[in-house]
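The structure displayed is predicted, hence computed values, not measured ones.
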Amino acid sequence: MKIKLPAYVISTARVLIKEGYKAYLVGGAVRNSYLGIEPGDYDIATDALPEELIKLFPKAITVGAAFGTVLVIQRDSNGENYSIEVTTLRSEEEYIKGRWPTKVKFVLDINEDLTRRDFTINAMAIDLSTKGLDYLELPYKEESETATLSHMKEFEFDLIDPFGGVKDIEKKVIRCVGSAIERFTEDGLRTFRACRFASQLEFSIDPDTFAAIKNSLTVARMISIERIRDEFLKMLYKSRKPSMGINLLKDTGLLNLFLPELVASIGVKQPLGHDFDVYEHTLRTIDLAPDKIKLAALFHDIGKPQKSTGDGHFYGHDQLGAEMTKLIMQRLRFPTKEIEKTSLLVRWHMFTYPYQTEDTESSETLQNWTDGAVRRFINRVGIENIEDLFQLRIADATSEPQTSWKPDEITLLQERIAKILAEDAALKLSDLEVDGISLMEELEIGPGKLLGDTLKYLLDQVIENPSFNTKEKLTDLARSYIKEGSKDTKF
């Protein structure tokens with residue numbers, strides 16, 4: 001098998017081989033190289049024991065050394081770091097909590113090590129030491145000032161494939177090593193990985209492996225929500241069609257373990273303007289959405305099942321969907337910033353921008369937004385989120401064959417927004433010519449709700465009439481607002 005290896009992998013292997021140890025390339029790098037996909041990372045397995053690895057690589061990160069793994073860090077002449085996991089050959093026994101082995105035994109046979117792997121396509125190896133140290137001649141002179149550890153060089157080695165990984169790749173099938181139910185009982189995360197690999201590679205899942213997933217839900221339920229989330233995100237972002245993986249999660253029962261709200265959308269009909277139920281529409285939207293808004297596409301209609309009137313209407317599903325999105329993403333332990341942005345996109349994804357049609361035969365007159373309405377839209381959504389919201393709107397609309405949406409809705413609104421921004425109008429509190437401190441001094445009020453409500457009122461007035469954004473005018477407006485009583489003032 002021909003394989004291209006970066007210099008930092010060769011350099012790491014040379015250290016092991018020079019000291020008389022084996023160096024096997026294992027895992028995803030072997031699989032992806034056979035598939036013609038450039039590996040994202042590389043793993044080496046070796047017969048060197050952990051304490052020997054620490055001596056060979058004194059600058060390695062050794063937090064996993066108890067299980068035989070060290071993370072070797074190499075830096076090229078440009079100061080860029082490269083990392084590679086080096087792990088002692090091992091076998092594992094007596095797993096707890098559906099994931100962690102309590103017994104690790106270091107072994108000398110690569111085939112015994114490969115037996116503990118999850119799927120046949122990941123249980124292949126290449127012995128980098130079979131052809132000797134001289135074969136792994138570096139593709140650059142180490143002393144050269146221009147040397148870089150990212151350089152690639154092609155080699156040819158025999159493939160170690162005891163479980164038929166190549167055959168399964170050619171058949172495009174995900175199959176467990178040995179007994180599927182044993183592999184999933186050892187590590188429940190493997191059930192999610194099976195669906196993720198099938199989605200990424202566009203493979204099917206072997207029938208016995210598929211049946212074992214359905215019979216392993218008790219173990220899968222034990223996996224931490226963070227690890228499930230991470231597997232799901234890999235599927236979402238690394239699949240050409242994430243819908244394939246989501247359907248596998250649904251069909252195996254895994255989806256209901258961490259995202260029952262999406263399962264609830266199955267069979268919820270949308271007779272008005274849609275060809276698909278909420279679930280199928282959501283999956284089609286995800287497939288069309290750019291990566292940066294895939295989460296918003298996933299959740300954009302999550303509120304529809306609870307807001308269905310039964311006659312094709314889902315009043316308020318955008319607002320409910322935003323609230324549900326926050327709760328779901330908090331449950332899945334997403335970062336706060338990502339939660340806020342995703343829920344905001346869900347909240348406003350139903351915007352429509354009416355524009356005057358050139359169809360003279362139409363008796364319908366469409367009312368354009370006022371400039372104030374455009375400024376209010378920017379204020380609500382945030383200028384930094386406008387383009388993402390447009391992308392969500394496009395994916396949502398174009399996922400349905402019978403959509404009445406037209407690209408002009410986005411194009412013309414973009415032009416209006418550009419015009420508003422060019423005017424340098426006040427769109428947020430920090431754009432006002434007064435702030436909380438100046439108002440407290442001028443009006444002799446203290447910090448608190450009244451001050452906050454007053455500032456919001458002033459921004460609302462300026463958004464509607466930009467000429468009000470002067471210190472004198474805003475102070476007068478604030479004085480009147482406080483005098484009349486904020487609770488009785490409409491804004």
Side-chain angles (χ1 to χ4, degrees), residues 1-50 52-65 67-90 106 108 110-111 113-114 117 121-161 165-166 169 238:
M1 173 183 169
K2 289 184 178 181
I3 184 171
K4 287 185 177 181
L5 296 174
Y8 72 92
V9 175
I10 300 168
S11 180
T12 303
R14 282 171 62 90
V15 171
L16 292 165
I17 296 168
K18 184 179 180 180
E19 297 299 322
Y21 298 111
K22 291 282 191 179
Y24 299 96
L25 188 71
V26 294
V30 180
R31 177 197 70 233
N32 285 350
S33 295
Y34 189 88
L35 285 164
I37 302 170
E38 183 175 341
D41 50 42
Y42 296 83
D43 297 324
I44 285 180
T46 180
D47 54 349
L49 293 172
E52 294 164 338
L53 291 177
I54 293 172
K55 291 178 183 177
L56 292 173
F57 304 102
K59 295 183 179 180
I61 298 173
T62 59
V63 291
F67 291 95
T69 298
V70 301
L71 187 66
V72 176
I73 309 294
Q74 300 208 41
R75 178 175 296 178
D76 70 8
S77 59
N78 297 322
E80 185 171 356
N81 285 337
Y82 295 86
S83 62
I84 179 170
E85 278 195 3
V86 182
T87 303
T88 303
L89 298 172
R90 67 179 190 248
F106 299 122
L108 298 175
I110 181 62
N111 289 287
D113 180 90
L114 294 177
R117 309 278 169 164
I121 63 171
N122 295 332
M124 301 183 292
I126 290 174
D127 186 351
L128 301 177
S129 52
T130 53
K131 298 186 179 181
L133 191 63
D134 293 338
Y135 188 80
L136 291 177
E137 180 183 353
L138 290 171
Y140 60 84
K141 294 182 179 180
E142 290 183 88
E143 66 275 10
S144 169
E145 292 183 0
T146 59
T148 170
L149 294 180
S150 63
H151 286 169
M152 303 284 285
K153 185 176 180 180
E154 187 171 77
F155 300 87
E156 186 167 0
F157 294 96
D158 293 332
L159 182 66
I160 301 172
D161 181 19
V166 166
I169 287 175
K238 295 184 179 182

Nearest heavy atoms of Leu114 and Ala123, plus distance in Å: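 Minimum heavy-atom contact is CD1-O, 3.6 Å.
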Provide the closest heavy-atom pair for Leu108 versus Leu89 in the form atom of the first, atom of the second, distance.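 For Leu108 and Leu89, the tightest heavy-atom pair comes out as O-CD1, 3.5 Å.
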Under a 3.5 Å distance rule, please check whether [X] uses its side chain to pair with a backbone N or O of [Y] as donor and acceptor.
{"X": "Asp161", "Y": "Val166", "value": "yes"}
{"X": "Thr46", "Y": "Lys22", "value": "yes"}
{"X": "Thr88", "Y": "Ala48", "value": "yes"}

What I'd like to find out is whether the side chain of [X] reaches to under 4.5 Å of the side chain of [Y], using heavy atoms alone.
{"X": "Leu5", "Y": "Leu128", "value": "yes"}
{"X": "Leu56", "Y": "Val86", "value": "no"}
{"X": "Thr130", "Y": "Tyr135", "value": "no"}

Using 30° and 60° as the class boundaries, would you call the ring planes of Tyr42 and Tyr8 parallel, tilted or perpendicular?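 Tyr42 and Tyr8: perpendicular rings.
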Would you mind checking if Asp127 and Lys131 are paired as a salt bridge, meaning a charged N to carboxylate O distance below 4.0 Å?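 Result for this pair is no, no salt bridge flagged.
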Less than 6.0 angstrom separating the ring centers of Tyr24 and Phe157, yes or no?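 Distance test on ring centres: not under 6.0 Å, no.
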Rounded to the nearest 0.5 Å, what separation is found between the NZ atom of Lys2 and the CG atom of Leu159?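 So the gap between those two atoms works out to 15.0 Å.
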To the nearest 0.5 Å, tell me how far Leu16 CG sits from Glu52 CD.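 One finds 10.0 Å between CG of Leu16 and CD of Glu52.
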